[in-house]
Amino acid sequence: MPIALVDCNNFYVSCERVFNPKLEGVPVVVLSNNDGVAVARSAEVKALGINMAEPWFKIEKIAKKYGIIALSSNYTLYGDMSARVMSTLANFSPKQEIYSIDECFLDLSGFPPDSLMAYGQKIRQTVRQNVGIPVCVGIADTKTLAKLANHCAKKGYAGRDGVCDFGRFNQEVKTKVFSKIPAGDVWGVGRKISEKLLTMNIKTVEDLRTANPEMIRSQFSIVLSRTQNELNGIPSIELEDSGTSRQQIMVSRSFGTPVTSLEGLSESVAYYATTAAGKLRQDGSVASSISVFIRTSPFKNEEYYENSLVVPLMNPTDDTTILVKAALSGLKKIFRNGFDYKKSGVMLMGLQPKDALQKTLFDDTDKQTKSDNLMHVMDSINQKMGKGSLTIAASGLGHGWSMRRENKSPSYTTDWSELPVVR
DNA sequence: ATGCTCCTGCGAA
DNA sequence: CTAACGTTCGCAGGAGCAT
């Protein structure tokens, strides 16, 4: 019955610290793409009152004063570190659900209940030793409670040394702990729902747990009902097998500098469609439609414009050239002159496994084989020579729109050419 | 009435 | 130099459409 939620502490910051010990003990933030907002903060930065998703230009003044080190995000590095953490954790349970880049659930059914604290410690020490990343462990009978236990472990509320097992608490102790935690800290309760809960005088986790279930179901949704069940120890969210492939692929970026022309937008859209098609082939899937969107900045005091369009594909495909053409045809229809565009993107939808693809009347086997060969060559060249070595002409070469990354660390684990030279 | 597909809103990391 | 505010994914529920 027990489930563990293992979550890496300040994951991106911790990744950077593994390779640069000078970052230890000093305030560090990692910024999002385009150096836009803070997406990871060290404990020292959190202590300064800097929030998640705080824009960098607002942090910058404080940063100078306190010597905050700001790093551009390096997703290649974090992805590789994540894979190492996850494979280490896989050894601790026959069933693992990788929930995000920095956390996973482990099924601990059948483990002796009184040994779980020690097991949690073992997990922490092993990950720290093998990968160098600090983690916290929360253990409870449902996924929602395991998340909450992890929250407690991180805050040091209850539990010791980064591990918290609710199985050791009786209801009285749980009530005491739950009464101190805001309802908004519960997994599945975001800004909107916690605001609405507050108007009903539901402030804490304990308030939510003991609220009238019929009222929760009628005033909110089936999702919050399940969350409430889980807070009461009734499992209502299944542990999923990782390995089920995703249902959509999204590639979008904000621009470093605004784009006004159709040509500029076309380059970006072609580039994103190319990237998305690569991911699609990696998954071994084909897409049956592609959606394209563009938008201006929602923050500027100018007229806002955003639009999107879904372009259906006659035959589901993983061919870059077809996907790029479709995306560009959609872009042409939604483009309006006279705007400063700040972002564009592409989404592949209706994904299905390529091998299960139904043959249609329009199928041309010879053409299909040629396309597959071309895509294979494209993928292997990009694999050998580095991402973006070979793209289609429509994506251009200048990339004046591409994002800012002023302070990126080297891709230590995945790119030889970025390793520092040692003499 | 019933069953779809599409779109939007919300949440999470 | 100024201005500058992320990305990707799943799910639920309602709208709109066809039958």
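Note: hydrogens, waters and symmetry copies are ignored here, and every other heavy atom, side chains too, is used. In what follows, chains are A, B, ... by sequence order, proteins preceding strands, each numbered from 1.
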Close residues, residues 45-70 of chain A, relative to DNA chain B [heavy-atom separation under 4.0 Å] | none
In whole angstrom, give the distance that lies between atom CE of A:M347 and atom C1' of C:dC9.
-> 10 Å
How close or far is atom P of C:dA12 from atom CD of A:Q247, stated in whole angstroms?
-> 11 Å
OP1 or OP2 of C:dT7 sitting under 4.0 Å from any side-chain N/O of A:S254?
-> yes
Evaluation steps, side chain to side chain donor-acceptor pair (under 3.5 Å), between A:T317 and A:D319 | CA-CA 6 Å; A:T317 185; A:D319 187 315; 5.2 Å; no
Return no unless some side-chain N or O of A:R226 is found under 4.0 Å from OP1 or OP2 of C:dC11.
-> no
Enclosure of A:K180 NZ (heavy-atom neighbours >12, cutoff 6.0 Å) | no
Heavy-atom side-chain proximity of A:M81 to A:I133 below 4.5 angstrom = yes
Report the residues that fulfil salt bridge (Lys or Arg N to Asp or Glu O under 4.0 Å) with A:D7, sequence neighbours left out, ordered by chain and then residue number.
-> A:K154
So among A:V137, A:V135, A:V6, which one has a side chain to side chain contact (heavy atoms under 4.5 Å, CB included) with A:V127?
-> A:V135
Using a 4.5 Å cut-off on heavy atoms from C-beta on, say whether the side chain of A:Y12 contacts that of A:N74.
-> no
Please give, in whole Å, the distance from C:dG10 C1' to A:M250 CE?
-> 13 Å
Proximity to DNA chain C (any heavy atom under 4.0 Å), residues of residues 208-225 of chain A only = A:S221, A:I222, A:V223
What is the nucleic acid contact for A:D102, judged by heavy atoms within less than 4.0 Å: base, sugar-phosphate only, or nothing?
-> sugar-phosphate
Whole-Å gap separating C1' (C:dG10) and CG (A:D241) | 17 Å
Indicate, with a heavy-atom threshold strictly under 4.0 Å, whether A:L31 touches base, sugar-phosphate, or nothing.
-> nothing
Residue met sooner reading DNA chain C from 5', once A:S297 and A:E240 are mapped to nucleotides | A:S297
In plain terms, say whether A:E206 and A:K176 are close enough for a salt bridge, that is, a side-chain N and a carboxylate O under 4.0 Å apart.
-> no
Out of curiosity, A:S285 OG to A:D318 CG, how far, rounded to the nearest 0.5 Å?
-> 9.0 Å
Closest listed nucleotide, where the reference is the side chain of A:V251 and the choices are C:dG6, C:dA3, C:dT8 | C:dT8
Is there a side-chain contact between A:Y341 and A:T260 (heavy atoms, below 4.5 Å)?
-> no
Do the side-chain N or O atoms of A:K300 get closer than 4.0 angstrom to the phosphate oxygens (OP1, OP2) of C:dA3?
-> no
Separation between the C1' atoms of B:dA13 and C:dA4, rounded to whole Å | 24 Å
Reckon A:S32 has a side-chain N or O less than 4.0 Å from the OP1 or OP2 of C:dC5?
-> no
Reported CD-to-CE distance for the pair A:E97 and A:M86, which is rounded to 0.5 angstrom = 10.5 Å
Length of the line joining A:K143:NZ and B:dA13:P, which is rounded to integer Å = 12 Å
Do NZ/NE/NH1/NH2 and the carboxylate oxygens of A:K147 and A:E103 come within less than 4.0 Å?
-> yes
For A:K174, salt bridge (Lys or Arg N to Asp or Glu O under 4.0 Å) partners two or more places apart | none
Looking at A:K342, does any N or O in its side chain come under 4.0 Å of the phosphate oxygens OP1/OP2 on C:dA4?
-> no
Can you tell me the distance, in whole Å, between the CG atom of A:N33 and the C1' atom of C:dC5?
-> 13 Å
Scan nucleotides 14-18 of chain C against the protein and return all N/O pairs shorter than 3.5 Å with their distances rounded to 0.1 Å.
none

Given atom CG of A:L280 and atom C1' of C:dC9, what is their separation to the nearest angstrom?
-> 15 Å
Short N/O separations, protein against nucleotides 7-12 of chain B, under 3.5 angstrom:
residue	atom	partner	partner atom	Å
B:dG11	OP1	A:I193	N	2.9
B:dG11	OP2	A:K192	N	3.2
B:dA12	OP1	A:V186	O	3.3
B:dA12	OP1	A:G188	N	2.5
B:dA12	OP1	A:V189	N	2.9
B:dA12	OP1	A:V189	O	3.3

Salt-bridge criterion met for A:K155 and A:D185 (N-O under 4.0 Å) = no
Can you tell me the distance, in whole Å, between the OH atom of A:Y272 and the P atom of C:dG6?
-> 12 Å
Ring-face cation of A:K122 near A:F92 (centre distance under 6.0 Å, axis angle within 45°) = no
Look up atom CE in A:M314 and atom OG in A:S288, then write down how far apart they are to the nearest 0.5 Å.
-> 13.5 Å
